[in-house]
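Got a structure for you, questions after.
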Amino acid sequence: MKKSYHADDKGYYGVFGGSFVPEMLHPNMEILQESYLKIMNEPSFKQEFKALLKDYVGRPSPLYLAKRLSEKHGAKIYLKREDLNHTGAHKINNTIGQILLAKRLGKKRIIAETGAGQHGVATATVCALAGMECTVYMGEIDIARQAPNVARMKMLGAKVVAATSGSKTLKDATNEAIRAWINDPVEIHYIIGSVVGFHPYPDMVARFQSVISEEMKWQLMEKENTEYPDYIIACVGGGSNAAGAFYHYLDHEKVKLVAVEASGKGVDSGESAATSVLGKEGIIHGSKTLLMQTEDGQIIEPYSISAGLDYPGVGPQHAHLFRSGRAQFLNATDDEAMLAGLELSKLEGIIPAIETSHALAALDKMKFNKEDIVVVNLSGRGDKDLDTYIKYFDL
Ligand SMILES: *Cc1c(COP(=O)(O)O)cnc(C)c1O
């Protein structure tokens with residue numbers, strides 16, 4: 001059988017993935033599993049999705065040849081400008097897709113969980129767009145440290161509910177969201193923000209984000225007369241921007257895929273989010289994947305200077321890409337990422353999100369030939385991170 005890097009019909013990528021959820025969620029899950037591909041393939045769905053990506057999100061996002069960055073690193077480096085999307089990152093591609101799906105499933109209310117607030121804002125945005133009621137669960141600690149995003153969600157009409165159990169952060173917010181869904185499985189659709197969770201979420205989110213590599217193919221053809229770059233580099237938190245940037249290249253093994261995780265204060269510092277290096281097989285949010293955990297299976301709190309990368313697991317497809325060797329996994333520390341973010345700002349006039357800065361930091365760790373075509377997925381813009389940059393560099 002031909003090797004596959006896509007989900008099988010049970011949502012498995014090799015040994016990873018699947019759906020491990022409480023009995024009470026089975027009916028919901030099954031409806032979603034049975035209908036997502038059918039709905040996504042309907043011509044009217046495709047047309048509405050495409051039109052919103054164009055007129056609301058502002059796609060296609062440009063593929064920009066970064067000349068000064070290229071000179072510095074000795075390769076042809078292109079930036080896929082997801083930072084120019086409405087709301088400032090790739091996350092909106094997925095939330096637009098899921099809100100259209102929720103409408104077709106006859107859902108009345110949307111729930112979501114958020115850590116840094118970016119996915120909460122992207123969800124609140126599409127709920128306003130679609131006129132749907134929106135509740136976002138967020139850890140009490142995260143609410144305090146992400147005040148601007150909480151304000152954005154409220155302004156967009158969403159209700160923000162504090163998760164006050166456990167460590168009062170992302171995984172507690174996720175537990176609250178799942179509890180709410182169990183209480184009203186018929187009316188509610190749960191919008192997950194990355195390629196994580198039980199089947200069909202990882203595959204569904206990857207498909208919504210795959211517009212990134214779909215555009216890359218024709219944009220490279222226009223500029224380089226080939227659809228295939230030598231390298232694609234993307235940062236990985238849960239893994240959705242990377243999954244979208246890799247999607248149409250997974251079966252073309254000549255295209256080298258590079259995933260960059262956050263190693264915080266260093267892989268061995270105890271304060272990191274380098275899941276592929278540190279993780280062991282385990283189940284989180286309903287799927288089997290690589291997970292940072294103690295000997296007895298307690299989740300280890302991840303750490304990164306970038307709020308979007310401090311997730312203790314990684315999507316099951318990425319676990320499989322790591323295990324199979326299809327993608328190379330690198331990591332960048334806080335310091336390396338911050339310097340790479342400053343470098344891009346000075347060389348190209350583009351201030352990246354700190355998550356994205358991790359992908360840029362990988363350029364220093366790689367060896368290129370001058371003719372190599374390298375695409376870095378510029379997952380988001382740095383406006384939200386200005387305070388962190390200011391404090392770090394004493395600007
Ligand atoms: C949320 C976020 C990420 C991390 O999420 P993935 O699912 O791994 O893509 C990366 N970059 C930006 C700008 C983000 O907002």
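This structure is a prediction, so every number in the text was calculated from the model and none was measured. Note that ligands are numbered from 1 as they come in the structure, with each ligand's atoms numbered from 1 the same way.
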_Test of ring centre spacing under 6.0 Å for H73 and F368_ =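 Distance test on ring centres: not under 6.0 Å, no.
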Report yes if some N/O of G239 lies less than 3.5 Å from some N/O of ligand 1; otherwise report no.
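Between G239 and ligand 1 (N or O atoms, distance only) the closest approach is under 3.5 Å.
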Within the structure, does A242 bring an N/O atom to less than 3.5 angstrom of an N/O atom in ligand 1?
->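 Among all N and O atoms of A242, none is under 3.5 Å from an N or O of ligand 1.
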Original post:
Relative to each other, are the rings of F198 and W181 parallel, tilted or perpendicular (30° and 60° limits)?
Top reply: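 Answer is parallel, since the angle falls under 30°.
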Exercise for review: Please indicate whether any nitrogen or oxygen in S194 is less than 3.5 Å from any nitrogen or oxygen in ligand 1.
Suggested key: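 Right, the criterion is met.
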Ligand 1 versus E82: contacting region, heavy-atom distance under 4.0 Å
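It is neither; nothing of E82 touches ligand 1.
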- Query: What's the shortest distance from atom 10 (C) of ligand 1 to any protein heavy atom, and which residue and atom give it?
  - Reply: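 The answer is E355 CB, 3.4 Å.
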Tell me which donor-acceptor pairs under 3.5 Å the side chains of residues 147-157 have, and how far apart each pair is, sequence neighbours excluded?
residue, atom, partner, partner atom, Å
N149, OD1, R152, NH1, 2.5
N149, ND2, A116, O, 3.1
N149, ND2, Q118, OE1, 2.6

- Which residue and heavy atom of the protein sit nearest atom 12 (C) of ligand 1, plus the separation: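 Checked against all protein heavy atoms, atom 12 (C) of ligand 1 sits closest to S379 OG, 3.5 Å.
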- Task: Please state whether H90 comes within less than 4.0 angstrom of ligand 1, counting heavy atoms only.
- Result: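 So H90 counts as touching ligand 1.
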Side chain, backbone, both or neither: the part of S240 lying under 4.0 Å from ligand 1 by heavy atom:
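Both backbone and side chain.
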Worksheet item: Are any side-chain N or O atoms of R326 and backbone N or O atoms of L250, one a donor and one an acceptor, separated by less than 3.5 Å?
Response: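 Checked: pair present.
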In terms of atom number and element, which parts of ligand 1 are under 4.0 angstrom from non-hydrogen atoms of G237?
->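 Counting atoms of ligand 1 from 1, those under 4.0 Å from G237 are 8 (O).
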Task: Test of proximity, A353 against ligand 1: N or O pairs below 3.5 Å - done: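 Checking ligand 1 against A353, no N or O pair falls under 3.5 Å apart.
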Of D372, V374, L65, I373, which meets side-chain contact (heavy atoms from CB on, under 4.5 Å) against I77?
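Considering D372, V374, L65, I373, a side-chain contact (heavy atoms from CB on, under 4.5 Å) with I77 is found only for V374.
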- Message: Any nitrogen or oxygen of N241 lying under 3.5 Å from a nitrogen or oxygen in ligand 1? Just yes or no.
- Response: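 Yes, N241 has an N/O under 3.5 Å of an N/O on ligand 1.
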H119 side chain to I191 backbone, donor-acceptor under 3.5 Å: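 Flag set: sc H119 to bb I191 pair under 3.5 Å.
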Notebook entry, point to check: Does Y247 have its ring centroid less than 6.0 Å away from the ring centroid of H6?
Noted result: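 Yes.
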Which of the numbered atoms in ligand 1 are below 4.0 angstrom from a heavy atom of G380?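 It comes down to these atoms of ligand 1: 13 (C).
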Under a 4.0 Å N-O cut-off, is there an ion pair linking R59 with E215?
->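 Salt bridge flag = yes for E215 with R59.
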Exercise for the section: Ignoring angles and geometry beyond distance, decide whether K91 reaches within less than 3.5 Å of ligand 1 through its nitrogen or oxygen atoms. Expected result: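 Yes, since at least one N or O of K91 sits under 3.5 Å from an N or O of ligand 1.
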*Kindly say whether the aromatic ring centers of Y311 and H285 come within a distance under 6.0 Å.*
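Centroid separation for Y311 and H285: below 6.0 Å.
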- Message: If the cut-off is 4.0 Å to any non-hydrogen atom of G308, which atoms of ligand 1 fall inside it?
- Response: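 Selected atoms, number and element: 4 (C).
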